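Below is one structure; the comments refer to it alone.
None of these values were measured; they are calculated from a predicted model.
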Amino acid sequence: MNELSRKYSLLIIAISLLATAVACSNSSAQAPTPTPSPIPSPTAEGPSATVGTSEASEYEKLPLAPVFSVASIDDEEVRLENLLGTVPVYLLFIPSTTDELDISQLKNIQANLQRFEKSEAEVVVIVADLPTRVIDMRDELGLEFALIADPLHVVASDWQVLDLDNDGNTSPASFVFDAHGSLIARLVASEPADRPSINEVLHAIQESLKSGTA
């Protein structure tokens, strides 16, 4: 190969390398490394109101709406998913069948049951005791709403109201849903007496009906 041909070949190689370098540079500039998008907050459908004043448990730590399908003490299947989105629902957890605070709360609900029925609201109570004891309590107090025995705390665990005080017990807790199935009020007690009144619960339900959200 003569000197002129060798120089020409080297020039072609240099031009090719330069073109490749420019192309790679442009590609890097046009395709920056993507940054991950933030994960949406699970509290986007959080409650629009609360009942009571307890702040013992942040809503972000609670499940949005775990559902269940269990038998009541009357052997009637209670499917929460069938209730939510059709009528307002007052779901509450009761720690025992013997404590005076628990009994008083259930008596108050029974005494005001017609007010719940007037709003077409369903009351569902989860009691952390054996079915036989829940039946005895129901008969003694004359309760006429759905009662579910949860002696092994299965439902309470799903709803994260179990062992909040490191005592292995279910905490008193109330969850109020409007007729669209949205959680509009909740209270997980920080102490045994920290429970919503009947008027507070019914007010939350009635306000949702008036505002057209239920």
Side-chain angles (χ1 to χ4, degrees), residues 39 41-81 83-84 89-110 122-138 140-141 143 145-177 181-198 200-201 204:
I39 300 174
S41 169
T43 61
E45 297 179 0
S48 57
T50 57
V51 290
T53 58
S54 172
E55 295 181 358
S57 190
E58 294 294 332
Y59 178 73
E60 289 78 6
K61 299 179 182 179
L62 297 175
L64 289 180
V67 293
F68 53 76
S69 178
V70 293
S72 71
I73 58 172
D74 296 313
D75 289 328
E76 295 179 355
E77 187 178 27
V78 179
R79 297 179 62 87
L80 184 59
E81 60 266 41
L83 295 176
L84 294 179
V89 176
Y90 179 29
L91 173 69
L92 64 155
F93 290 82
I94 299 294
S96 77
T97 57
T98 57
D99 185 84
E100 291 185 4
L101 288 171
D102 298 335
I103 292 173
S104 177
Q105 187 176 17
L106 294 174
K107 283 182 176 179
N108 286 335
I109 294 173
Q110 179 61 39
E122 290 284 343
V123 178
V124 179
V125 180
I126 314 294
V127 187
D129 210 333
L130 295 171
T132 53
R133 294 177 180 173
V134 178
I135 290 173
D136 290 342
M137 180 189 67
R138 186 272 313 274
E140 181 180 349
L141 302 180
L143 305 179
F145 41 82
L147 291 162
I148 296 170
D150 189 31
L152 300 180
H153 310 291
V154 175
V155 182
S157 179
D158 287 343
W159 284 73
Q160 298 183 21
V161 297
L162 175 66
D163 200 29
L164 299 183
D165 297 323
N166 298 316
D167 56 5
N169 296 323
T170 295
S171 293
S174 296
F175 298 86
V176 185
F177 297 87
S182 297
L183 181 60
I184 56 174
R186 61 90 177 91
L187 173 64
V188 179
S190 58
E191 55 186 48
D194 193 10
R195 311 184 190 205
S197 69
I198 295 299
E200 287 177 309
V201 173

- Partner set under side chain to side chain contact (heavy atoms under 4.5 Å, CB included) for Asp163, not counting sequence neighbours: Asn166, Asp167
- Note on the structure: Residue set satisfying side chain to side chain contact (heavy atoms under 4.5 Å, CB included) with Ala128, at least two apart, ordered chain then number -> His153, Thr170
- Task: Starting from the C-alpha separation in whole Å, work towards a yes-or-no answer on side chain to side chain contact (heavy atoms under 4.5 Å, CB included) for Thr97 and Val127.
- Result: CA-CA 7 Å; Thr97 57; Val127 187; 3.7 Å; yes
- Under 4.5 Å between any side-chain heavy atoms of Leu101 and Pro192, yes or no? yes
- Query: Could you go step by step and tell me if Tyr90 and Ser174 meet the side chain to side chain contact (heavy atoms under 4.5 Å, CB included) rule?
  - Reply: CA-CA 7 Å; Tyr90 179 29; Ser174 296; 3.1 Å; yes
- Task: Could you pull out the closest heavy-atom pair between Ile184 and Ala204, with the gap in Å?
- Result: CD1-O, 3.4 Å
- Task: Could you walk me through whether Val125 and Leu106 pass side chain to side chain contact (heavy atoms under 4.5 Å, CB included), step by step?
- Result: CA-CA 9 Å; Val125 180; Leu106 294 174; 3.9 Å; yes
- Considering residues at least two apart in sequence or located in another chain, which fulfil the side chain to side chain contact (heavy atoms under 4.5 Å, CB included) criterion with Glu81? Val67, Ser69, Arg79
- Query: Is any side-chain heavy atom of Glu77 closer than 4.5 Å to a side-chain heavy atom of Val70?
  - Reply: no
- Could you label the plane-to-plane angle of the Phe93 and Trp159 rings as parallel, tilted or perpendicular, counting under 30° as parallel and over 60° as perpendicular? tilted
- Can you tell me how far the CG atom of Leu80 sits from the CG atom of Leu91, to the nearest 0.5 Å? 6.0 Å
- Task: Before giving the answer on side chain to side chain contact (heavy atoms under 4.5 Å, CB included), spell out for Leu187 and Phe175 the whole-Å C-alpha distance, their side-chain angles and the decisive distance to 0.1 Å.
- Result: CA-CA 7 Å; Leu187 173 64; Phe175 298 86; over 6 Å; no
- Query: At their closest point, which heavy atom of Leu130 faces which heavy atom of Ala149, and how far apart are they?
  - Reply: C-CB, 4.1 Å
- Item | Considering all heavy atoms, the nearest Ala189-Asp194 contact | CB-O, 3.1 Å
- Residue list, side chain to side chain contact (heavy atoms under 4.5 Å, CB included) with Ser197, at least two apart or on another chain: Asn199, Glu200
Donor-acceptor contacts under 3.5 Å from residues 131-138 side chains, at least two apart:
| unit_1 | atom_1 | unit_2 | atom_2 | d |
| --- | --- | --- | --- | --- |
| Arg133 | NH1 | Asp129 | OD1 | 3.4 |
| Arg138 | NH1 | Asp74 | OD1 | 2.8 |
| Arg138 | NH1 | Asp74 | OD2 | 3.2 |

- Pairs where residues 89-108 contributes a residue and the test salt bridge (charged side-chain N to carboxylate O under 4.0 Å, His left out) is met, not counting sequence neighbours: Asp102-Arg195
- Message: If you compare all heavy atoms of Val123 against all heavy atoms of Phe145, which two are closest, and at what distance to 0.1 Å?
- Response: O-CB, 3.8 Å
- Query: In Å and rounded to the nearest 0.5 Å, what is the CD to CD1 distance from Glu76 to Ile148?
  - Reply: 11.0 Å
- Message: I need the minimum non-hydrogen distance between Val176 and Leu183, along with the two atoms involved.
- Response: O-CD1, 3.4 Å
- Item | Shortest non-hydrogen contact between Ile109 and Leu92, atoms and distance | CD1-CD1, 3.6 Å
- Item | Check: Pro95 and Asn169 side chains under 4.5 Å, non-hydrogen atoms | no
